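Because the structure is a prediction, the values reported are computed rather than measured.
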Amino acid sequence: MNADVATLVDRLRDGRVLCIGDVMLDRYVYGAVERISPEAPVPVCRVKDEASMLGGAGNVVRNLAALGASVEFVGVVGDDEAGAEVRRLLAGLETVNAHLVADGSRPTTIKERFVAGPQQLLRVDRESDLPIDASIADRVFETAKAALAGVGAVVISDYGKGVLAGDRIGALIEAARAANCCIVVDPKGTDFTRYRGADVVTPNLRELAEASRMPTGSDDAVVAAARSLVEICGIANVLATRSADGMTLVAAGSVEHFSAEAREVFDVSGAGDTVVATLAAGLAGEIGLSDAARLANIAAGVVVGKVGTAVVYPSEIVGAAEPAGSSAPGKWKDRAAALAQIAEWKRRGDRIGFANGCFDLIHPGHVALLTKARAACDRLVVALNSDASVKRLKGEGRPVQNEVARAAVMSAFESADLVVLFEEDTPLGLIEAILPDVLIKGADYAREDVVGGDIVEANGGRVLLIELEEGHSTTGTIRRVAGE
């Protein structure tokens, strides 16, 4: 299954997607609660960190960009600081071309969440859900229509904040169909006839029940409710997201159930955006609907293990497709996915350890080092020299095992929480990006010779030198095998 998924995931980068919808600014305030206020029976949150990211349709765009798809995005922002921040965040996404219409009569939607550890304490919304002015709506529609050229799929991300009010959705669907684009709708409200002509709608169970006015408490009930929408609303397919029960894909003459893929559920916010983005990228990359839905289901299982409105990277989908119970589901990540995962762990309050090396032929000394390293932190990141890096450091004939084999072996270690490759001669760039709490090396190094040690200590971390097991080395093993 994994090889098949890897092939499909590669095709996500071939897609070009137009996304239109309600963009928001998601703000997260992270802190710690250690006491109750003497003024009222409410927790006192001591703020430790704050972060802003794209939300709503913007989170769909973030996910599309993380998957490598090219994106045209059309949305509306206010003439305010939050709108300027949305523009800055979109400008930072390399594969995204944003077309934002400014509306000075309404604020940019802001959703601010206060989080302490794993617990969300409060959400504060600043928004207007009134329909946008007719002149603004006309500009949005004309901009979206012009952006259809060369697009393989269209995402309509309807959060009910006024951007997609009235009859503009129907006109956009007609234009997309005329351009031979697949149309994916993340719906809102109870009247799905607004989405007539769409290829796929992706309601959750509550949305499906309200729109169909039917129960959704079993497989058969979900299928019946979805089929009623197909027949009554003129929608080709319904992909119902069912939380712990996975997803169900219903077309006029077929049904397919996908079991939930999540190994750990931490935060479900934004999971629907990940589903829509993966599905649309798949369809734009000319992946069949069933396979695109399968990828979307795997991606949803990854994103619910992250904090807040997060994204999923291609390597994470491939890693998560490993059979349940395998030794290393999703441990080996590319640099972008690794940094995102580490940021999630830091937000949870985990102490990050960092160890690096070639780890060419694993021996008892490596095992002891990694075991002791993991005991010194909550999450251990192991950085491996790439094949080219090992060759430069060790000479011809090295590595004995290529980087894929070495990463697979390292991922099998229970002590390693994440494995990432680096191409440089030293891991300095990774250390600067990660800023681990504990930097681990063997005691054969002097403290002043540890690459990145000064950076870690300046950031409040520490360098840990671990005594090595005597009589074990990769070079010695190779010489013994060669009979030297």
Side-chain angles (χ1 to χ4, degrees), residues 2-3 6-7 10 314-315 318-319 322 327-328 330-339 353-374 380-434 436 439-456 463-484:
N2 187 286
T7 300
D10 281 343
S315 61
V318 175
E322 293 283 356
S327 60
K331 283 188 181 181
W332 179 19
K333 300 181 186 295
D334 59 34
R335 187 172 297 210
L339 293 177
F354 182 96
N356 70 277
C358 301
F359 293 101
D360 194 358
L361 292 177
I362 296 294
H363 54 68
H366 290 141
V367 176
L369 174 69
L370 292 170
T371 302
K372 293 174 183 176
R374 183 60 174 79
L380 178 61
V381 178
V382 180
L384 301 180
N385 295 73
S386 70
D387 287 350
S389 178
V390 175
K391 185 176 180 179
R392 290 194 301 270
L393 294 173
K394 303 292 186 179
E396 292 295 333
R398 297 287 300 274
V400 175
Q401 298 188 100
N402 64 33
E403 60 194 37
V404 174
R406 289 184 289 119
V409 171
M410 186 57 63
S411 296
F413 275 80
E414 185 177 354
S415 51
D417 295 289
L418 187 150
V419 179
V420 60
L421 294 172
F422 63 94
E423 296 289 340
E424 304 83 1
D425 289 347
T426 76
L428 182 60
L430 264 180
I431 292 169
E432 290 174 330
I434 294 170
L439 178 58
I440 298 125
K441 292 296 290 184
D444 53 336
Y445 278 79
R447 159 63 195 82
E448 58 272 16
D449 294 332
V450 176
V451 171
D454 53 341
I455 294 170
V456 170
V463 174
L464 175 63
L465 300 180
I466 294 177
E467 291 295 332
L468 300 177
E469 297 282 331
E470 294 185 5
H472 300 290
S473 74
T474 299
T475 301
T477 300
I478 293 172
R479 286 174 176 169
R480 286 194 295 274
V481 170
E484 296 180 12

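- L439 pairs with exactly one of V451, V456, I434, L465 by the side chain to side chain contact (heavy atoms under 4.5 Å, CB included) rule, that one being V456.
- Between F354 atom CZ and L380 atom CG the span is 9.5 Å, to the nearest 0.5 Å.
- Atoms CD1 and CG, on I362 and L370 in that order, are 6.5 Å from each other to the nearest 0.5 Å.
- Residues F413 and V367 form a side-chain contact, since some pair of their non-hydrogen atoms from C-beta on lies under 4.5 Å apart.
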Could you go through residues 425-432 and list every donor-acceptor pair under 3.5 Å that involves a side-chain atom there, pairing it with any protein atom two or more places apart or in another chain?
from, atom 1, to, atom 2, distance (Å)
D425, OD1, R392, NE, 2.7
D425, OD1, R392, NH2, 3.0
T426, OG1, L428, N, 3.4

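- Within 6.0 Å of atom CZ in F422, more than 12 heavy atoms from other residues, nucleotides or ligands are found, so the atom counts as buried in its surroundings.
- Scanning for side-chain hydrogen bond (donor to acceptor under 3.5 Å, both in side chains) contacts around E414 gives an empty result, with sequence neighbours left out.
- Residues forming a side-chain hydrogen bond (donor to acceptor under 3.5 Å, both in side chains) with N356 (at least two apart in sequence, or on another chain): none.
- Under the 3.5 Å distance criterion, with hydrogens and angles disregarded, a donor-acceptor pair is assigned to the side chains of E423 and S386.
- Note that CD1 of I466 is 11.0 Å distant from NZ of K441, once rounded to the nearest 0.5 Å.
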- Going through the checks in order, is the side chain to side chain contact (heavy atoms under 4.5 Å, CB included) test met by R447 and V463? CA-CA 8 Å; R447 159 63 195 82; V463 174; 3.9 Å; yes

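- With sequence neighbours excluded, the residues satisfying side-chain hydrogen bond (donor to acceptor under 3.5 Å, both in side chains) with D10 are R13.
- Heavy atoms only, all atoms of each residue included: D387 and P399 are closest at OD1-CG, 3.5 Å.
- Of all non-hydrogen atoms in A443 and E467, the two that sit nearest each other are CB-OE2, 3.7 Å.
- Heavy-atom minimum distance, C358 versus L384: O-CD2, 4.4 Å.
- Considering only residues two or more places apart in sequence or on other chains, A337 meets the side chain to side chain contact (heavy atoms under 4.5 Å, CB included) condition with Y313, S315, E316, K333, D334.
- The side-chain hydrogen bond (donor to acceptor under 3.5 Å, both in side chains) check on S389 picks up N385, with sequence neighbours excluded.
- Of the inter-residue distances, the one linking E448 atom CD with D454 atom CG reads 11.5 Å to the nearest 0.5 angstrom.
- A distance of 7.0 Å separates CZ in R406 from CG in L421, rounded to the nearest 0.5 Å.
- To the nearest 0.5 angstrom, L369 atom CG is 9.0 Å from H363 atom NE2.
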